[in-house]
There are 2 protein chains.
Amino acid sequence: MTPQRLGVLKTLAGSVNHPTVEEIYEQIKRQFPTVSLATVYKTVSLLKGLNEVLELGFPDASNRYDGYRPFPHPHVICVRCRKIMDPELVNLEAISAEMSRKTGYEIQYHRLDFFGICPECRKSG
Amino acid sequence: MTPQRLGVLKTLAGSVNHPTVEEIYEQIKRQFPTVSLATVYKTVSLLKGLNEVLELGFPDASNRYDGYRPFPHPHVICVRCRKIMDPELVNLEAISAEMSRKTGYEIQYHRLDFFGICPECRKSG
DNA sequence: GTAATTGCAAATGGTTTGCAGCATC
DNA sequence: GATGCTGCAAACCATTTGCAATTAC
């Protein structure tokens with residue numbers, strides 16, 4: 001356990017808005033100016049392997065991280081400002097079991113994203 | 001309309017297995033050896049804009065394309081061999097409307113993926 | 001004949017990796 | 001003192017882009 005890792009942990013624990021690695025990095029740099037992006041990447045990857053953080057990867061944007069609820073759950077994503085919200089949970093276990101039965105796959109996890117325009121962006125045209 | 005574009009169209013129409021751009025490219029090159037990857041990328045992107053193909057982007061792998069059902073629907077993806085299946089449809093309209101009501105987002109589209117091990121990969125260890 | 005498309009090569013950008021030096025325990 | 005972490009810079013790689021030559025209509 002190093003100060004850098006502690007910084008990543010604290011940032012993730014204190015962030016409700018699904019930060020990017022870059023945002024985590026900027027946050028830590030305030031208190032620990034010599035930290036490197038690579039270290040943040042490595043730590044986040046480590047936490048992912050320990051199931052302490054949920055990674056939300058996007059092919060056309062930076063990955064986002066959720067340290068609050070490190071298990072699959074739906075997200076609602078604004079395609080304009082990229083804000084991400086966690087709506088109240090919808091349980092997909094039944095659908096997951098149905099998918100497994102229909103396809104023969106051994107389902108391990110899922111991902112459910114809704115894309116649209118958030119209330120703030122709707123207001124501003 | 002050019003022979004290259006026709007090739008992309010025919011390949012997408014004849015593929016049930018969600019090909020990558022690279023796979024589309026390899027297919028077309030058999031009949032049209034001078035085609036370039038860039039052209040395939042451009043054509044696929046064009047078709048995406050026309051809603052004639054569904055793009056399945058992955059942050060850690062190549063994008064996959066579905067010309068059969070160019071509208072959002074669930075996918076079941078093997079994390080080992082990357083095979084993608086289309087299970088029978090599950091209608092998410094009700095859940096989508098619920099998400100919209102709860103978050104105030106104007107939902108435009110969604111994405112539902114189940115990840116696991118396909119029957120063939122389960123057999124082979 | 002004009003506007004659009006092709007194909008090459010170079011750029012892009014988030015993420016990963018190699019490695020020397022350094023911190024942790 | 002040994003193991004493992006940090007941080008720099010370079011590598012990665014799917015995708016995108018600039019641009020000159022070519023093609024479609």
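Since the structure is predicted, the reported quantities are computational estimates derived from the model, not experimental observations. All values below were derived from every heavy atom in this structure, side-chain atoms included, with hydrogens, water molecules and symmetry-related copies excluded.
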Over all atoms of both residues, closest heavy-atom pair of Val35(A) and Tyr25(A): O-CE1, 3.4 Å

Name the nucleic acid region contacted by Thr34(B), choosing base, sugar-phosphate or nothing; use a 4.0 angstrom heavy-atom cut-off, strictly under. sugar-phosphate

Contact under 4.0 Å: Tyr41(A) side-chain N or O vs dT15(C) OP1/OP2: yes

Is the phosphate of dA24(D) approached by Thr2(B) (side-chain N or O, under 4.0 Å from OP1 or OP2)? no

Over the length of the helix from dG1(C)-dC25(D) to dC25(C)-dG1(D), how much do the five-pair end axes diverge, rounded to 10 degrees? 40°

Could you state the CG-P distance from Asp60(B) to dC12(D), rounded to the nearest angstrom? 19 Å

Using OP1 and OP2 only, check whether a side-chain N or O of Asn63(A) sits under 4.0 Å from dT15(C). yes

Is the cationic atom of Arg111(A) (NZ for Lys, CZ for Arg) positioned less than 6.0 Å from the six-membered ring centroid of Phe114(B) and within 45 degrees of its normal? no

The side chain of Ala38(B) lies closest to which of these nucleotides: dG7(D), dT17(D), dT6(C)? dT17(D)

Any N/O donor-acceptor pair, Lys42(A) side-chain to dG7(D) base, under 3.5 Å: yes

Could you state the atom-to-atom distance from CG of Leu37(B) to P of dT5(C) in whole Å? 19 Å

Should the heavy atoms of other residues, nucleotides or ligands under 6.0 Å from CD of Gln31(A) be counted, would the total exceed 12? no

What's the closest nucleotide to the side chain of Met1(B) if the choices are dC25(D), dT15(D), dC8(D)? dC25(D)

Result for 5'-nearest mapping on DNA chain D, choosing between Ser62(B) and Arg5(A), is Arg5(A)

Respond yes when some side-chain nitrogen or oxygen of Gln4(B) is under 4.0 Å from OP1 or OP2 of dG7(C), and no when none is. yes

Distance in angstrom units between Arg82(B) CZ and dA14(D) P, rounded: 13 Å

In whole angstroms, the gap separating C1' of dG13(C) from CD of Glu22(A) amounts to 11 Å

